[in-house]
*Asks:* 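If you scroll down you'll find the structure; I have some questions about it.
Note that this is a predicted model, so its numbers are computed, not measured.
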Amino acid sequence: PQDNAKRDNDNDDLEEDDNKIMDDIAETEMMYGRNNNVSDGRPNNAQHRAMNNSNAKSDSMLREGMVVPQDNANDGNGLATPVVDSFDTTFGYNPMDQYNKINITQNSLLAQSTEYNHQNWYNIFGKIITQKNVQYHWRVKIKELNTDLKVIIGVLDSRLIPKYQNVNKYDSNKEYFAKNNSGYGVDNHGDLKTAGASQGKYCEALKEGDVLDIYFDMKQYALWYGVNGSDFGVAYQVSQAGLYKLGISIFGPKHCIELISCDVVCYQEDENNQQPDVV
């Protein structure tokens with residue numbers, strides 16, 4: 001009872017700060033239009049790779065939480081270059097807290113939900129911020145899956161991430177990143193999720209041991225997925241207004257997700273075009 005009272009008091013003390021954060025981003029959220037229609041005749045991954053490799057160069061300079069101007073990219077042969085990404089723990093995560101809803105271990109590459117995540121959404125994000133004219137490929141492994149509950153994996157506009165990190169501390173949190181118009185994901189049942197609504201069946205249901213590929217093209221502004229090496233068509237045409245991070249929302253206990261790798265390929269710019277904007 002004393003522990004529960006302390007947690008309740010902490011929530012009350014932080015509520016004022018949380019309201020300010022949500023007010024600060026409310027205006028930003030209003031800026032985003034929804035552009036998530038999935039058209040017929042969607043290009044498959046082979047078409048994207050062909051397009052990518054015909055006009056690309058590798059970039060070995062991308063690192064955690066950084067974006068690099070295109071003129072700093074190393075010349076390459078169009079092959080994907082591995083970069084460093086991991087789960088962000090800088091928002092107040094305490095690995096020593098025995099009441100953690102999520103335990104993040106193995107150099108911030110493994111996230112496992114605990115019994116304290118009961119009836120609760122928890123949002124986790126990568127550190128790499130995407131940049132324009134780069135294609136990203138993350139691979140995550142479903143090491144443990146509570147099939148009665150949900151996991152959503154995709155991307156969220158990086159300007160909105162503080163909101164979803166901040167609400168993690170509340171008991172019975174109902175906010176997940178794909179509730180936002182600029183959050184795009186697929187859940188473990190194979191259904192697409194954005195703006196808090198299902199966009200229909202996309203792929204087969206995920207199971208323990210599956211490896212999910214997340215492909216995100218910031219020239220075509222396209223997001224698509226693969227499962228165990230079988231790739232699917234474009235899931236979303238995302239808003240061009242933002243830069244994004246990998247996002248994972250976990251509902252309930254007994255889930256375990258491993259971030260295996262991240263590769264990037266940078267497009268070569270046309271000489272007549274201006275440099276892409278970066279932050």
Side-chain angles (χ1 to χ4, degrees), residues 14-15 17-38 65 67 85 87-88 90-93 101-102 111 113 117 119-132 136 138 140 149-170 172-200 202 212 214-218 221-225 234-252 255 257 279:
L14 292 166
E15 184 173 358
D17 291 339
D18 297 338
N19 289 336
K20 183 178 183 303
I21 290 174
M22 297 205 184
D23 288 341
D24 289 343
I25 68 170
E27 183 177 352
T28 305
E29 288 180 312
M30 293 292 293
M31 294 170 55
Y32 301 142
R34 185 170 166 188
N35 182 19
N36 56 1
N37 294 326
V38 181
V67 290
D85 200 3
F87 296 130
D88 181 11
T90 62
F91 59 92
Y93 172 80
K101 301 171 187 177
I102 299 286
S113 61
N117 203 46
Q119 294 296 310
N120 187 86
W121 282 103
Y122 198 97
N123 301 284
I124 309 168
F125 299 96
K127 292 183 178 179
I128 284 180
I129 304 173
T130 63
Q131 71 178 64
K132 295 180 180 181
Y136 298 82
W138 291 276
V140 300
L149 303 174
K150 283 192 177 181
V151 171
I152 302 175
I153 301 173
V155 298
L156 176 67
D157 188 304
S158 61
R159 290 171 290 188
L160 300 171
I161 285 175
K163 169 185 177 178
Y164 293 94
Q165 289 178 325
N166 192 58
V167 296
N168 282 336
K169 59 178 167 283
Y170 292 125
S172 301
N173 172 40
K174 294 180 172 58
E175 299 296 323
Y176 55 92
F177 77 87
K179 254 190 171 181
N180 194 278
N181 287 350
S182 291
Y184 310 89
V186 66
D187 68 20
N188 54 294
H189 300 300
D191 297 325
L192 296 175
K193 294 280 188 180
T194 187
S198 175
Q199 303 299 308
Y202 175 75
L212 182 69
I214 304 101
Y215 298 95
F216 189 44
D217 192 301
M218 283 288 288
Y221 293 94
L223 172 66
W224 71 102
Y225 298 89
V234 172
Y236 300 99
Q237 294 295 140
V238 308
S239 170
Q240 299 183 20
L243 303 176
Y244 296 80
K245 286 187 176 185
L246 175 69
I248 300 176
S249 291
I250 297 175
F251 186 78
H255 298 290
I257 309 294
V279 295

*Asks:* Report yes if some heavy atom in the side chain of Asn168 is under 4.5 Å from a heavy atom in the side chain of Phe91; otherwise report no.
*Replies:*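 Contact flag for Asn168/Phe91 side chains = yes.
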*Asks:* Under a 4.5 Å cut-off applied to non-hydrogen side-chain atoms, are Lys132 and Tyr221 in contact?
*Replies:*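 They are in side-chain contact.
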*Asks:* Are Gln165 and Asp88 side-chain neighbours, meaning at least one heavy-atom pair lies under 4.5 Å?
*Replies:* yes
*Asks:* Any donor and acceptor pair, going by atom type alone, linking the side chain of Tyr202 with main-chain N or O of Tyr225 inside 3.5 Å?
*Replies:*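 Yes, because the side chain of Tyr202 sits within donor-acceptor range (under 3.5 Å) of the backbone of Tyr225.
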*Asks:* Quick check: do Gln119 and Phe251 have side-chain heavy atoms less than 4.5 Å from each other?
*Replies:* yes
*Asks:* Please enumerate all residues that pass ring pair (Phe, Tyr, Trp, His ring centres under 6.0 Å) together with Phe177, with sequence neighbours excluded.
*Replies:* none
*Asks:* For the backbone of Gly247 and the side chain of Tyr164, can you confirm whether one donor and one acceptor N or O come within less than 3.5 Å of each other?
*Replies:* no
*Asks:* So that I know where these two stand, are Tyr244 and Phe216 an aromatic pair - ring centroids less than 6.0 Å apart?
*Replies:*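 Distance test on ring centres: under 6.0 Å, yes.
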*Asks:* Only one of Val234, Ile214, Asp217 forms a side-chain contact (heavy atoms from CB on, under 4.5 Å) with Leu223, so which one is it?
*Replies:*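 For Leu223, the side-chain contact (heavy atoms from CB on, under 4.5 Å) check succeeds only for Ile214.
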*Asks:* Does the side chain of Leu246 come within less than 4.5 Å of Tyr136's, by heavy atoms?
*Replies:* no
*Asks:* Test your reading of the model: is there a side-chain donor-acceptor pair from Lys193 to the backbone of Gly154, 3.5 Å cut-off?
*Replies:*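 Here the side-chain-to-backbone pair does not exist.
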*Asks:* Distance-only, no hydrogens or angles: does the Asp85 side chain make a donor-acceptor pair with backbone N or O of Ile128 under 3.5 Å?
*Replies:*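 Side chain of Asp85 to backbone of Ile128: a pair is present.
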*Asks:* Any side-chain heavy atom of Leu192 sitting closer than 4.5 Å to one from Thr194?
*Replies:* no
*Asks:* Report the residues that fulfil salt bridge (charged side-chain N to carboxylate O under 4.0 Å, His left out) with Asp187, sequence neighbours left out, ordered by chain and then residue number.
*Replies:* Lys150
*Asks:* So which heavy atom on Asn117 is nearest to which on Ser113, and how close?
*Replies:*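 That closest heavy-atom pairing would be ND2-CB, 4.0 Å.
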*Asks:* Please check if the side chain of Ser158 supplies one atom and the backbone of Leu243 the other of a donor-acceptor pair under 3.5 Å.
*Replies:* yes
*Asks:* With a 4.5 Å cut-off on side-chain heavy atoms, are Tyr93 and Ile124 touching?
*Replies:* no
*Asks:* Between Ser239 and Asp157, does the side chain to side chain contact (heavy atoms under 4.5 Å, CB included) criterion hold? Intermediate values first, please.
*Replies:* CA-CA 9 Å; Ser239 170; Asp157 188 304; 5.9 Å; no
*Asks:* Does Trp121 reach the side chain of Glu175, with side-chain heavy atoms less than 4.5 Å apart?
*Replies:*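 They are not in contact (no side-chain heavy atoms under 4.5 Å apart), so the answer is no.
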